[in-house]
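See structure below.
The structure presented is a predicted model; accordingly, all values stated were derived computationally and were not measured.
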Amino acid sequence: MMNLPAPLAARVAEMGLTQPTPIQAQAIPHAMNGRDVMGLAQTGTGKTAAFGIPLVARMIEDDMRPAPKTARGLVLAPTRELAGQIAQVLRGLTSLKVQIVVGGVSINPQIQRLSKGVDILVATPGRLLDLVDRKAVRLDQTDFLVLDEADQMLDLGFVHDLRKIAKMMGEDRQTMLFSATMPKQMAEIAGSYLQNPIRIEVSPPGKAADKVTQAVHFIAKSEKSALLIELMDKHRENRALVFTRTKHGADKLARNLDRAGFAVAAIHGDKRQGQRDRALAAFKAREVRVLVATDVAARGLDIPDVKHVYNYELPNVPEAYVHRIGRTARAGKDGAAVAFCAPEEMAQLKDIQKVMKISIPIASGRPWEEIPDPKAKPSGGRGRGRGRPGGRPAQQGGSGAPGTSKPSNRRRRKPKPKA
């Protein structure tokens, strides 16, 4: 129905992609016609194939070979893990030359592989600019640009890198931008990089997948670890992702879970790429059942059958919550997202609920702002009994008319004469 080239149609069938998802059904025809596309959809709905299929199709139709040190198409991603995931999907779609360049690994083999040119280059912005500076690759012959998870590139401060990269490419390129959330700054990127784009929005920005059940526990910070162990004890056989805010917090929590008998690994930005790859491979192979991660793992990790996502610490950026819980309930399956909220995290929880336009169901505890502070002194205003919160107006005598009191029978002391 989409008029895909025969080799691509065969690959798509082999991958089991027989029925397009809503984002794929709407984006692919426009992209195949050469239109710039802005696609907004929930995580886990097939955005990679939504830009990968038309990208490969147009390259097959062009039937050109890349010149040395050039790339016919460029896909930019904010993290190494997401870049790896994209490259894996693209290699499944085509026999075209797909190359990945990311930081954290030796740059020399990447320079060597780029020397003969590539069809599709998947890159993180920082490493790509390093390679451009070394004259290992040039982008003047790159006709296709894809920005995946562009909102996170904004969060990570890549906007200046993106401007530099875009200036190196021709203005007649085709550009596709995909994301799960749509912060206000995205309008700037869309205006700068896309020409008369078709906007495709298959679900409201910030909406979670339909089959994710969400819950929040209001709990003191010191009690989070014990509650996490208690909850995960009920499903030790299932995979679980646990998100923390800091690298140190991820390592500390992983040690606690290890002592509690869980097969656990941690990944974050301070881990070497080899360590991160091994941890993810062990998680996918079920050798590790619990993966503790910072937001480096919130996007791009397409790990099947992750049943539970725990927000051990709420993220500072509310959109990151959407991406975190998008690691479960993928490809139409169901999953659970559980959040822990300490008193100092109430502001983050409110921001998350505002972005998602929902009220997350309470699993235990009460919102911290509703709990009276036992140390607070009750206000002793006019007409209220002192020391009795919510007390009735204190009476000055018998039952006189409202606002009056019976005169006292006590004698008044005469004032002492002044010396």
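Screening residues 49-73 for ring-ring contact (aromatic ring centres under 6.0 Å, His included) gives F51-F178 as the qualifying pairs, with residues at least two apart or on separate chains.
Counting non-hydrogen atoms of neighbouring residues, nucleotides and ligands closer than 6.0 angstrom, the CZ atom of R286 exceeds 12 such neighbours. Within 6.0 Å of the CZ atom in R236, the count of heavy atoms belonging to other residues, nucleotides or ligands exceeds 12. Heavy-atom contacts from other residues, nucleotides or ligands closer than 6.0 Å to NZ of K224 number more than 12.
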Take R127 and Q110 through the side chain to side chain donor-acceptor pair (under 3.5 Å) test and state the conclusion after the steps. CA-CA 10 Å; R127 177 49 62 95; Q110 296 176 356; 3.0 Å; yes
Query raised in the report: How far apart are the C-alpha atoms of T70 and R72, what are their side-chain angles, what is the distance that settles it, and do they pass the side chain to side chain donor-acceptor pair (under 3.5 Å) test?
Result: CA-CA 7 Å; T70 68; R72 296 170 63 197; over 6 Å; no
Begin from the C-alpha positions of R245 and E345 and carry the test salt bridge (charged side-chain N to carboxylate O under 4.0 Å, His left out) through to its verdict.
-> CA-CA 12 Å; R245 246 193 328 264; E345 294 175 299; 3.3 Å; yes
- Item | salt bridge (charged side-chain N to carboxylate O under 4.0 Å, His left out) between K221 and E223, worked out | CA-CA 5 Å; K221 183 178 180 180; E223 297 174 3; over 6 Å; no
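Judged by distance alone, the side chain of D36 and the main-chain N or O of Q195 form a donor-acceptor pair under 3.5 Å. W368 contributes a side-chain N or O that, together with a main-chain N or O of C341, makes up a donor-acceptor pair within less than 3.5 Å. No donor-acceptor pair under 3.5 Å is formed between the side chain of T94 and the backbone N or O of R91. Between the side chain of T294 and the main chain of T246, no donor-acceptor pair closer than 3.5 Å is present. For R138 (side chain) and V132 (main-chain N/O), no donor-acceptor pair under 3.5 Å exists by modelled atom type. At distances below 3.5 Å, at least one donor-acceptor pair connects side-chain atoms of Q275 with backbone N or O atoms of R272. In this structure, R35 contributes its side chain and N196 its backbone to a donor-acceptor pair below 3.5 Å. A donor-acceptor contact shorter than 3.5 Å links the side chain of Q353 to the backbone of I360.
In this structure, L76 and L145 have side chains that are in contact, with non-hydrogen atoms separated by less than 4.5 Å.
Using a cut-off of 4.0 Å between Lys/Arg side-chain N and Asp/Glu carboxylate O, D119 and K97 are scored as not salt-bridged. Salt-bridge check for R289 with E237: failed, with every basic side-chain N at 4.0 Å or more from each acidic carboxylate O.
Side chains of H268 and D251: a donor-acceptor N/O pair is present below 3.5 angstrom, by distance only.
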